[in-house]
Amino acid sequence: MAKIIQLACEVADVHRRYAEIHSALFGVSSFRLAVSALAGRGRWRYSEYRSTLSGLLQRLADLGTQIAACGASERTSRGAEELQRVMLQYVEALERVMRGLSNINDRLADNDRNYRYADDSGVSPLIRDKAEYARTVSEMEYLGNRLNRLFSTY
């Protein structure tokens, strides 16, 4: 079972690195990002985030494959099969979240001003994308909490 725990730690590291990009785009530092963009220095950050997210998505896909490949010899305790199943669901949810963030990042990089501009309904494409992204994040958090409970009783 040590293999599944090691893989969970690696997935947690991917999540941590994704969360850094999330914070940079949506946190207090987003103000600094906007100021940098106005000064002409923000484009490289979007490119850097795109590259990092792409690498993290590839790493996450590899981890998902490894988690799925854990056989019966790795599932030595009673709850191990459920733990493996929920970990796979969590990896899939994290992938959807990272793809959503990547989409937002790409659209900000391509056309920041128009992406943030509200249309006739009073809602910008950014706000619509953020709402969908928040829903996906909520699903991921639910699975993360469930996974934490499973690990705590394992």
Side-chain angles (χ1 to χ4, degrees), residues 1-37 42 44-110 112 115-116 123-154:
M1 194 60 205
K3 172 115 175 143
I4 199 90
I5 293 171
Q6 175 202 1
L7 291 170
C9 290
E10 291 182 40
V11 169
D13 183 56
V14 169
H15 182 272
R16 178 193 60 79
R17 294 187 57 207
Y18 139 78
E20 290 172 352
I21 296 171
H22 169 94
S23 294
L25 285 175
F26 299 130
V28 174
S29 63
S30 66
F31 176 74
R32 286 191 304 263
L33 190 65
V35 169
S36 292
W44 71 269
R45 288 199 173 135
Y46 291 129
S47 177
E48 178 184 326
Y49 297 154
R50 177 183 293 144
S51 175
T52 301
L53 284 168
S54 178
L56 290 174
L57 282 165
Q58 181 59 49
R59 183 172 176 210
L60 193 60
D62 293 343
L63 290 170
T65 302
Q66 291 178 47
I67 292 166
C70 286
S73 62
E74 288 293 324
R75 296 188 305 260
T76 56
S77 68
R78 204 173 78 193
E81 193 170 322
E82 183 179 6
L83 181 67
Q84 181 184 23
R85 185 177 55 75
V86 174
M87 272 188 63
L88 285 170
Q89 291 173 341
Y90 179 79
V91 165
E92 290 170 4
L94 180 56
E95 179 183 1
R96 284 192 307 273
V97 164
M98 288 171 50
R99 288 197 188 282
L101 185 63
S102 183
N103 180 46
I104 291 170
N105 179 69
D106 291 349
R107 291 188 71 186
L108 285 169
D110 291 342
D112 186 19
Y115 188 49
R116 293 176 188 268
V123 179
S124 71
L126 174 61
I127 297 300
R128 278 195 284 284
D129 287 351
K130 281 176 69 175
E132 177 63 26
Y133 174 74
R135 185 189 62 74
T136 310
V137 168
S138 181
E139 292 173 13
M140 180 194 63
E141 288 173 346
Y142 168 78
L143 289 168
N145 288 333
R146 189 162 174 222
L147 195 56
N148 283 338
R149 283 193 304 275
L150 287 171
F151 269 117
S152 69
T153 60
Y154 189 72

Open item on the list: Going by the rule side-chain hydrogen bond (donor to acceptor under 3.5 Å, both in side chains), which residues pair with Glu20 if we only count those two or more places apart in sequence or in a different chain?
Closed with: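 Glu20 satisfies side-chain hydrogen bond (donor to acceptor under 3.5 Å, both in side chains) with Arg16 only.
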
Open item on the list: Between His22 and Tyr49, is the ring-ring contact (aromatic ring centres under 6.0 Å, His included) condition met? List the steps.
Closed with: CA-CA 10 Å; His22 169 94; Tyr49 297 154; over 10 Å; no

Distance in Å, [X] [atom1] paired with [Y] [atom2], rounded so as to fall on 0.5 Å steps:
X: Asn103; Y: Leu53; atom1: CG; atom2: CG; value: 11.0 Å
X: Asn148; Y: Glu141; atom1: CG; atom2: CD; value: 11.5 Å
X: Tyr46; Y: Leu108; atom1: OH; atom2: CG; value: 4.5 Å
X: Leu25; Y: Arg45; atom1: CG; atom2: CZ; value: 10.5 Å
X: Leu83; Y: Ile5; atom1: CG; atom2: CD1; value: 8.0 Å
X: Leu94; Y: Glu139; atom1: CG; atom2: CD; value: 12.5 Å

Task: Electrostatic pair Arg146-Glu82, nearest N-O below 4.0 angstrom - done: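 Counted as a salt bridge, because a side-chain N and a carboxylate O are separated by less than 4.0 Å.
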
Task: Pair Arg99 + Glu95: basic N to acidic O under 4.0 Å - done: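 Yes, charged N to carboxylate O under 4.0 Å.
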
- [ ] Using atom types as modelled and distance alone, determine if a side-chain donor or acceptor of Ser51 lies under 3.5 Å from a backbone N or O of Ser47.
- [x]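 Side chain of Ser51 to backbone of Ser47: no pair is present.
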
- [ ] Verify, without hydrogens or angle tests, whether Ser23 (side chain) and Ala19 (backbone) share a donor-acceptor contact under 3.5 angstrom.
- [x]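 Confirmed, Ser23 side chain pairs with Ala19 backbone.
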
Please name the pair of heavy atoms, one in [X] and one in [Y], separated by the smallest distance, quoted to 0.1 Å.
X: Ala93; Y: Leu143; answer: CB-CD1, 3.8 Å
X: Val86; Y: Leu147; answer: CG1-CD1, 3.9 Å
X: Thr52; Y: Arg17; answer: CG2-NH2, 3.9 Å
X: Met98; Y: Leu57; answer: CE-N, 3.6 Å
X: Val91; Y: Leu60; answer: O-CD2, 3.6 Å
X: Cys70; Y: Ile4; answer: SG-CD1, 3.9 Å

Can you check whether [X] reaches [Y] side chain to side chain, under 4.5 Å on heavy atoms?
X: Thr136; Y: Met140; value: no
X: Tyr142; Y: Tyr90; value: no
X: Leu101; Y: Phe26; value: yes
X: Ile104; Y: Tyr115; value: yes

TODO: Sequence neighbours left out, what pairs pass salt bridge (charged side-chain N to carboxylate O under 4.0 Å, His left out) with at least one residue falling in residues 123-133?
DONE: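 Counting only pairs at least two positions apart or across chains, the salt bridge (charged side-chain N to carboxylate O under 4.0 Å, His left out) contacts touching residues 123-133 are Arg107-Asp129, Asp119-Arg128, Glu132-Arg135.
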
Open item on the list: So for atom CZ, which belongs to Arg59, do other residues, nucleotides or ligands contribute more than 12 heavy atoms lying within a distance under 6.0 Å?
Closed with: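 Enclosed: over 12 neighbouring heavy atoms sit under 6.0 Å from CZ of Arg59.
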
Open item on the list: Looking only at the side chains, is there a donor atom on one of Gln58 and Asp62 sitting less than 3.5 Å from an acceptor on the other?
Closed with: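 A donor-acceptor contact under 3.5 Å links the two side chains.
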
